[in-house]
Structure formats: structure tokens, C-alpha cells
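Proteins come first, then strands; the chains are lettered A, B, ... in the order of their sequence lines, and each starts at number 1.
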2 protein chains.
Amino acid sequence: MTTEPGHVTPRSTRPRPTMRDVAALAGVGVKTVSRVVNGEPNVSSATAAKVRAAAARLDFEPDLHAGNLRRRDGRTRTLGLVVSSVANPFAGQVHRGIERVAAAHGYAVLAVSVEDDPDAEVRAVTELARRRVDGFVVTPVRDDQSYLAVHVDRGTPVVCVDREPTGLEADRVVSSHVDGARAAVRHLVAHGHRRVAFLGDVESVQTARLRRDGYAAAMAAAGLDVDPRLVVPGLPDEASATAAVHRLLALPDPPTAIFSARNTVTLGVVRALQQAGREREIACVGFDDVEAGDLVVPGLTAVVQDTDGLGRRAAELLFARLDGDAGPCRRVVVPTSLVARGSGEIRGPAR
Amino acid sequence: MTTEPGHVTPRSTRPRPTMRDVAALAGVGVKTVSRVVNGEPNVSSATAAKVRAAAARLDFEPDLHAGNLRRRDGRTRTLGLVVSSVANPFAGQVHRGIERVAAAHGYAVLAVSVEDDPDAEVRAVTELARRRVDGFVVTPVRDDQSYLAVHVDRGTPVVCVDREPTGLEADRVVSSHVDGARAAVRHLVAHGHRRVAFLGDVESVQTARLRRDGYAAAMAAAGLDVDPRLVVPGLPDEASATAAVHRLLALPDPPTAIFSARNTVTLGVVRALQQAGREREIACVGFDDVEAGDLVVPGLTAVVQDTDGLGRRAAELLFARLDGDAGPCRRVVVPTSLVARGSGEIRGPAR
DNA sequence: GTGAAAGCGCTAACAC
DNA sequence: GTGTTAGCGCTTTCAC
């Protein structure tokens, strides 16, 4: 079978109809079509019906962006979201919270992943700005968000979520990281533990530092000295957490409880305890929830974030700004909660 | 403290600069700015430098959509993605696969959740069409996708992912649902099981039916009769799956192995087995992976989908169409793999 | 190399 | 009620 050069079927690609086409078919002026499509008043119902019929017959879809060019408010009805990664379950849930509020306002969400690359954060914002989103929700990754000021000045509001922005006056919505961590440690102490270890994420991440602060505060409040050998920050992944736990267990006086400050770290901790066969002796509370955390034995006690609430509140703040709220910047703290499922209730040594 | 009406600080909202502003500041014509911004030839490097300086000073960002109005290819460099929910980890991973390919092509992704609402699927596509996305990736929810044909005819390609479209000729990328399910059951049979139960999702979902087909095929191939009491489709959530397992265990001759056809169902199954204290006797293989699936005891044996691959292939097909590929529709099947972690390797009764 | 004029699809302002 | 004109920010065409 041969294919002759001239015979390539060109995609029929019949041009998209415009308001002009609809107007011509309905026998009215363009402005009348515009009025009908936008539900404006001053159109007789007979004319409106004709226009709607013509629009339906042509499968007319108004071009939102073309309209925005001249429209007074120039709204694209689109929000820009910058997150670590859309594949990250935490980010996905925040995204969902935002989307729900956005949809209620007739808005769509344009999400861009930055994979914890500081430069990608700026690129993402630039790309969103070129598309003229009406507002930004940003999870800060770089250590300076001042580059966002231009957009705020031009009337495109910015709300930061999960982490606080630096060098930028902007609304922000964060979980109570310090309080959550403190509650976790207090819970362990209340169950009789005095040697509580801290395993955390790399500390270039703001939230990692805050959770460590919470740990330190709770230990101090309980009048317990912190053995520096039990504090292990800077764990980038699951495997390093597993290794760290094995080192802790080999200590002459190992910890009797572990506070793990992050999802992936928690997975590594549990693995290590299981490998050592000590998951029923050493207590463990993790920050962030783990799917199937209640199926592990013992069930994983966790400090869970209200991800949906984070997204919802962020979107609400953004829409308030879009509605003209010019008040001072707000800082919303969304509470975390401790879910006890077994691993955190293992009792420490009797005094 | 009183606030006088006239004193409300209006958000300074200084208007966004346009090419005209840049041209004026640089002392050149608008077209020259256009040429510089778009990297077109025929501009002296001296002029280009002047323009770039002016653009930087004003923080000029070209309006992508305004340009598209007149531009020959009219590309918005934006893809529309319609998924069940952005909070669904499966969808998030597919999204990520798409985004990675899109980013490499300079594209952004506009994602809309439909929460399994058939009408929301159409609304989502309409909203995306109004924003003039260059192509669609859709996870079909409704039982008819013919409404998408208009877009294809107008040159906006559509690729379906995860589920096959109905009433529409379009490229599609799906996991090997039947083969995956068959492999799971074959695995159980190979470990000595003859009474293998099937627990599945509501069958309005296409993939649920396919996985059941795979189960039936594997049982038939092994020469095993299927006891209809062991086949329980239509489980909407975790709790119903738990209840179903308890009923199965109460049977005079209960199953010795369970094939669970969906993530949430698997969680319910494991819970039931743990409650009954029989998680080490009754084998279980689940379709879809579960986070922390290897921390449960015994580890969860699962049929895992290549979510990233699904997204990547879908995006690749879409870009091929955007690049002018007018060939016949393609159907890409992404293989699943079976990950053995313990629960699926529990041996059945000796013959 | 450069710029003026026209026009993309739509809405604002003002006519009738 | 309805249509006409201008113009949004940009690219095209084409003249210089």
C-alpha cells in the first residue's frame, strides 16, 4: 500500500463560529448576540430565542479571553495555583479545597508543579501571569517571594498556603505546625516517655523547622532534657529515616518514643521498627497522615492536617480580595488534630 | 478612630503595561517590541537591547491570549484535563505524567474535577473550551462522549485516559485491566487457592466490569467453577467491603483467597480480615496500590498501574495530534504489574 | 531594519 | 429593543 503525497486528509478543522456568524444566522446584530450570551437585559424574548437557536446550531462557544480584552473587569475567571507537585497527595487535597470554592464562584484552576525547584516557582508564576489569571495561590518553595509584589500591585491578589511567604505582604493560610508537633510530643510524654526522639525533614523547608520548634518547646515544657543524639533532622527520604532509626536503636540508652515530623519519614520509621521487631515497644507519632495508617499494626497515631480547610480558606481569602477587600493582610492558622490509633499510646517506662 | 469615606485607599492597581507602553519607553514601534518579545529576526541588537531594558523596567508580561486572537496558529499553550478529582491520588499521578510532558512542550495544564458527576463532565469541557485550550485529556465518566466530536472536528484533539470513550473516535490510553485482574487471580490459583472471591466496585464504572471479566477469565482458564456467592460487585466504599467480607467468612465454605478490584475495597477487605484475625490465613490481592501497603502485616500484594505512564502516553498522543498527525485513532494499553508483598502468597489448602 | 494600518472576537459607549 | 462604532493587546500584512 502506497501513500501519495497529495492524498493526506487534512483535518477538516472547520473554523470555530464567532458571534458574527451567530448574528448573521439569527439575522441580528453582534451586540444583540453578546447581550443574549451574557444574559444582559433589553432583549425581547423572541429575539433571544432566535439567537439561542442559532448559537446552538453552530455549537457556538464564546471566547472568554477575547471578551476579557475589552470587558471592564477583565476577569479570566481562572486562578493560578503553584504547588510542589500535583502528584503529592497533600497538594492534591489542598487543590481540591481550592477548586471547590473556585467552582462555586465560576472559576477554574490552572495548577503548576514546581517539584521543589526555586526557579521553577518563578517560571510557574510567569506562565500563569501571561495567561492572565485573576489571582494566585502559591506554596512558597524559594526563600524569597518579593518577586510577587508586582502582581499584587497590579491588582492580582496572592495568597500563600502551607508555608509563609518571605519578603512579601500577602495573605497566608498555614497549619498549626508548632502546636501540632507540641501536641504530638506532649501526647508521648503523657504516656510516660522521657526519651523522645525527633526525626525530621531537611530544614531548608520552613515547616520542618517549625515542627522541630514544637518538639523542643514541648520537651522544655515537660521539664525534659533533650539528648542531642536523639534529634535527627535533615532526612530527605524514607530510606534515610529507616537508617536513622536503626542507629538510634543501637544507642546504649535508646529512645522509648519517636516523633516523626513528616509523612515519608514516618514510613521509614515504621519500617525500621518492624525490621527490629520493636513496633510494639517503641511509641511513635507522625506528623501528616498515611493512607492505610490504621491497618498497620499497631495503628499509626498521627497529627493530621486539615488539607481541605487549608485550600478552602486560601481560596476564600483570594475571592475576598477579588471582591475588593483592601484590608490588612491576614494570617489564618488551620488547626491540626491528633488521631490516636495505637502506636502513640504505647506506654513508656514506669518511673 | 473614624474612617472618612474619601479616605479608602484604593488598591494602587496601576494598569498593566502593554506593548504600546514598552514601545513608547524604548522609543520604537509596537511591532518592533513584538519582534523582540517573540524572538523574531530582523531587529538590530542595539534596538533589541533597548526594548528589553524597557520591558524589564515596566515588568512587562505579554498577554498570551490577546496575541492568540490574531496569531496564525492561535495556540493558547494550555491543555484541558478532566479528571474524577484532583484529590484522588491516582488522578494526581496521571496529572503529573501529563504535566511533565506538557511542560516540556511549553504547555500548562488546566485541570477540572468532576467528582464522578456525568453532567459535570460536560460542564468541565465547556468551561475549558471557552478558555480555548488546545487539546483535552478526559477521563470519561458519562456513558457517552459523542459531545466531544465538535471539538475534534474543529481541530482541538481529545485523548481519553483510564477509561475508553463511548460514541467517539478518539485516541485512548488505558491500563491492562483485564490482564491485570487475570494475573492477580492466576497468582492466587498458583498458590493453591480454588475458592477465590471477587469483591468489586459499582459496575457503572467500566474498569470495574473489565476487572471482573479478568477474574472470570482466569477462573475459567484454571478450570475452576465460580461460586456465585463469592462474587460481590457493587461495593461503593470501604465500609461496604468490610461488611461483605464478614458475610463471606460466615459462609459454610468460605473463600480461601480474595481478589479485591479496587483501592478502597482493598482497605475494607484488610480491615475485615484483621477484625476476624484471619489476615494470615486468607490470601488477598488488590488492584491498585495502597500507600504503606508494605507496612501492613502481611504486606499487601497488589496489581499496580503505571499511572505516570498513563499520563505521559496520553500527553504524547495529544501533542502528536497537535503536531499534525492525522492518522487513525490509537489505543495504547499500559501494562500493569503484580507486586508480591505477602498477602497474596499465603498458600491455599493442600489438595 | 522598521513601523503604520488593519483586524482577531469580543464588549463599551452611544446612537437610533 | 437594537445596531453601529471604536477599541482592548496583540499579530499580520505590507509599505518604507
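- Around CD of A/Glu169, the count of heavy atoms belonging to other residues, nucleotides or ligands within 6.0 Å does not exceed 12.
- Applying a 4.0 Å cut-off to non-hydrogen atoms, the residues of residues 57-75 of chain A that approach DNA chain D are A/Leu69, A/Arg70, listed by residue number.
- Rounding to whole angstrom units, CZ of residue B/Arg130 and P of C/dG9 are separated by 17 Å.
- Looking at B/Arg163 and B/Thr139, their side chains never bring a donor and an acceptor atom within 3.5 Å of each other.
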Test side-chain hydrogen bond (donor to acceptor under 3.5 Å, both in side chains) on B/Asp134 and B/Thr76 and set out the steps.
-> CA-CA 6 Å; B/Asp134 297 340; B/Thr76 57; 3.1 Å; yes
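- For B/Arg313, the CZ atom sits in a loose shell: 12 or fewer heavy atoms of surrounding residues, nucleotides or ligands are nearer than 6.0 Å.
- Heavy-atom distances under 4.0 Å link DNA chain D to B/Ser34, B/Asn38 of residues 32-55 of chain B, given in residue order.
- Relative orientation of the B/Tyr107 and B/Phe319 rings is perpendicular, given thresholds of 30° and 60° on the angle between their planes.
- A/Glu121 and A/Tyr147 share a side-chain donor-acceptor pair at under 3.5 Å.
- One can place CE of B/Met19 at 15 Å from P of C/dT2, the figure rounded to the nearest angstrom.
- Electrostatic pairing of A/Asp63 and B/Arg131 does not count as a salt bridge here, judged by no charged N lying under 4.0 Å from a carboxylate O.
- In this entry the distance linking CZ of B/Arg20 with C1' of D/dC10 reads 11 Å, nearest Å.
- In plain terms, the two heavy atoms of B/Ser113 and B/Val86 that are nearest each other are OG-N, 2.9 Å.
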